[in-house]
Every structure is written in C-alpha cells, then in structure tokens.
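Protein chains get the first letters and strands the later ones, always in sequence-line order, with residue 1 at the start of each.
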Number of protein chains: 2
Amino acid sequence: MPRAGLDRAAVVAAGAALADEVGSTGLTMGGLAERLGVRSPSLYKHVASQDDLTRGIAALALAEAAAAVGTATQGRAGRDALAAAAHAFRDFVLTHPGRYAATIGVEPAGPNDPIAVAGLGLLDSFTAVLRSYAVEPAEVDHALRALRSFLHGFATLQSANAFQWSADVDESFEWLIALLDRGLRSTSSTQ
Amino acid sequence: MPRAGLDRAAVVAAGAALADEVGSTGLTMGGLAERLGVRSPSLYKHVASQDDLTRGIAALALAEAAAAVGTATQGRAGRDALAAAAHAFRDFVLTHPGRYAATIGVEPAGPNDPIAVAGLGLLDSFTAVLRSYAVEPAEVDHALRALRSFLHGFATLQSANAFQWSADVDESFEWLIALLDRGLRSTSSTQ
DNA sequence: ACGGTTGGCTAATGGCGTTAGGTTAGAGCT
DNA sequence: AGCTCTAACCTAACGCCATTAGCCAACCGT
C-alpha cells in the first residue's frame, strides 16, 4: 500500500481548504482525514491536536491576508491605498471564510508563535496604508485599531449574512471606505 | 423528589449565563444541565436541540443589547448619543461575551423568528442615534452598516484580546468614536 | 381523591477527538 | 543489492457529547 506522504504544511493547507467549504465549526478531523485519503489518527503524526490544526490554519490565513493586502496596496497611496487594502481584505475573508474564522479566538502562545508574527505582518500591511495619511505618530495605533475593527466587522458580518436588508452591500462598503478616508484625513481635529 | 421547575426562558437564561463564563463554544448540554441540577436529556423538554438553545440565547442577547443601547441614548443627541450607544454596546459585549458570540452565525428562519425581530430592535436603537445626524435617507442603511461594523469589529476584537499592543484600548475606542462622529457629520461630502 | 399533563429520570446510540500500540513503506547507508 | 531504522500509516479502544426512546413521578384541575 503506497503512502500518502503528508507533512504538517499539507495537512494545514487541506484543513484550511476544507474549513472554507464546510465552515470552521464544521471542520472535523475525520472529514479532513477522509479528504486526504487517510484515517483520522494518522493526522496526529503531523498535528498535535485539532486546536493545533486550527492554530496552523489561523497563522496561514493571517499570512495570506497580509500578503493580499500588501500586494494590493503596492504603488498606491492615500485613498487609493485604503480602498485597495479594504477590498483585498474583504475579498480574502469572503473567499476564505473558514480560514479567516479560525483566526478569531486564537491567542498567540508567545512572541515567537507563528500566529503572533503573522498577525504583526497583517498589521504592517495596514500600517503601510496609514503612512500616506498624515496621522500623528501617537495616533497610529488608534487608527490601526479603527481600520482593523472596520474591516473585520464589515467582512465578518457580511460573511455571516448579517446584512440582509434592502441596500446594496458593495455600495455600503464604498460608503464606509469614504467615511474612513474622510476620518483619517482629518485626525486630531476634534477633541 | 421535588422538581426543578424549569421552562424554556429559565433554560435559555442559564445557558446565556454559562456561555458568558465558559465561552460560546464551551457551552455544553451536560454542563448546562449540571448547572441547573438536572440531567442533560431533561433539557430537551424545554429546548429542541443545542442549536435551538443557541438561537434562544442569540435572541435574548440581541434584545438585551438593543435595550442597553436604547436606554443609554435616551435624551441624548449627536455625538453624545453616538458615544453613549457605542459604550453601551461595547460594555454589553465585554460583559456578556458568550451571549453575544451566539448571535454571530445564526440565521433567522423567517420574518417572525425572534432572532429577526430582536435584530431589528437593535437596528432601531442604532437608527435612533443616526436621527440626530443629518444623514441622507438614501444613506441611512450605509451609515447603519458602518456603525454596526465598527462596533461589532471593535468589541469582538477586544473581547478576543486581539489588541495586545501598547496603546490604551479605551483611548482607541474614544478615538474611533471621534472618527465616526466626524464622518457622520459630513456625509456625501466626498464623491 | 383522581386522571391527565408535564418534567424529570435511566438506558442506549452514534459521532467525535484522542491515545496506545503494532506494522510496514521507504529513505539512507554500506 | 541488501540492511537498518525512522516515521507514516494502521486498527482497536476510551471517553465525552448530543440526541432519542421509553418509563415514572410530581403537579393541576376537577
């Protein structure tokens, strides 16, 4: 009988793909094993536990999101960069909902945890967007959190079908980007 | 042997309280039964399934959030109302994380589903905030979604400890409110 | 007092994550 | 080519969880 020849990266990648299909809560060790042509206990040679698998998926998703946002904003500045980043992030969440869902609720175990470094990478991608706005250094952290909250909130809610009412969702997203752009352009103007 | 004397409301309320303690994913029928001094199969006399329990918790949480936001904004207008609503919402999510987590991922089964009506109630509370801003009627839906995205995103991320870096989180929240206030005050000013 | 409803129970099923322990494929060396 | 040893895979089994079936006792109205 030939071997499947798996390693941790392959298992995590397949888990991420499966999570995107069946949802992060629907991801099961048995289902993933079947998908890989293997019995579920075999997965434990590559992954310590289901939680460990989820952490791997989360790190992968954060790195992918950071890359998507990073490349989307290259060569752009100001509102262009903001819009590109916002769209890249939302598209990533909508096309990879299971992956992204794995990132919420995981806590990095330390500064060297792949989750922590991938998270910082995503942060860097957003920081690059802010660089072309004249945000006070003392306010960069606040702006970063605002940006992250906006995008995370919108993408998550849309992905969960929480916007079921009349208006066009894409239009709302553009409106939200305009709101952010206005707000970032005039920081520290209100007490 | 005396009876526990439960009903659906008591089970749902206890489930919400337990979810706040152990997290929405840590909520188990066995754990809830033990908490109520009952065996797990007994819960099925009051609740159809764990999913049904979660839906009940979600409806409760949405109604409570709507009430919290609604009462916080009474007698206030403009930025005062916005800040009060934002704080009330975030406080609710932070003090009742399990409850609130139950609301994401549930889809109302129809227009009469308690989840749907509670969701509309929360929406109404936010709409009241917007009333004191001069938002174009055509843009109210967009503003509503932006507000909801902001608050959901920030509260969820803070609740998940996603803001671990230096700056003070409360300060960031104030900054975010200021950003929203500015943005809402000057709608349709940018193309 | 009594009869039905209703809320609790025990027992059992099936699916899940996970562990223990055995077996063999296949890489690497001689 | 043959030998060896690592590690990738397996089966068997445990415990936890949600859920169902079916029984019994407590309360409510008459």
message = Looking at dT10(C), I'd like to know if its phosphate oxygens (OP1 or OP2) sit under 4.0 Å from a side-chain N or O belonging to R39(B).
response = yes
ask   = Does dG17(C) have OP1 or OP2 sitting under 4.0 Å from an N or O in the side chain of T28(A)?
value = yes
query = E136(A) and H142(A): side-chain donor and acceptor closer than 3.5 Å?
reply = no
ask   = In the single-linkage hydrophobic clustering (I, L, V, M, F, W, Y; side-chain heavy atoms under 4.5 Å), do V12(B) and V117(B) co-cluster?
value = no
request  = Please report, rounded to the nearest Å, how far the P atom of dC10(D) is from the OH atom of Y44(A).
outcome  = 14 Å
message = Quick one about D20(A) and Y100(A) (side-chain donor to acceptor, distance below 3.5 Å, no hydrogens or angles considered), yes or no?
response = no
ask   = Relative to the 5' end of DNA chain D, which residue comes earlier, G30(B) or H46(A), by the nucleotide with the nearest heavy atom?
value = H46(A)
ask   = Between L43(B) (CG) and dA18(D) (P), how many Å, whole number?
value = 10 Å
remark   = Whole-Å distance, Q50(A) CD to dT19(C) P, equals 12 Å
task = Could you check which of dT18(C), dT19(D), dC9(C) has an atom nearest any side-chain atom of S40(A)?
result = dT18(C)
message = Measure CG/L27(B) against P/dC17(D) and give the value in whole Å, please.
response = 12 Å
Between dC23(D) (P) and K45(B) (NZ): distance, integer Å = 12 Å
ask   = Nearest of dC16(C), dT19(D), dC10(D) to any side-chain atom of P41(B)?
value = dT19(D)
task = Grab the CD-P distance between E34(A) and dG15(C) for me, whole Å please.
result = 13 Å
key: Length of the CG-C1' vector between L36(B) and dC9(C), whole Å   = 16 Å
inquiry  = Taking ring pair (Phe, Tyr, Trp, His ring centres under 6.0 Å) as the criterion, tell me which of F154(A), F173(A), F92(A) meets it with H87(A).
reply    = F173(A)
request  = In plain terms, say whether D170(B) and R90(B) are close enough for a salt bridge, that is, a side-chain N and a carboxylate O under 4.0 Å apart.
outcome  = yes
task = Compare side-chain N and O positions of S42(B) against OP1 and OP2 of dC9(C) and report whether any pair is under 4.0 Å apart.
result = yes
message = The side chain of M29(B) is closest to which nucleotide in this list: dG8(C), dT11(D), dT19(D)?
response = dT19(D)
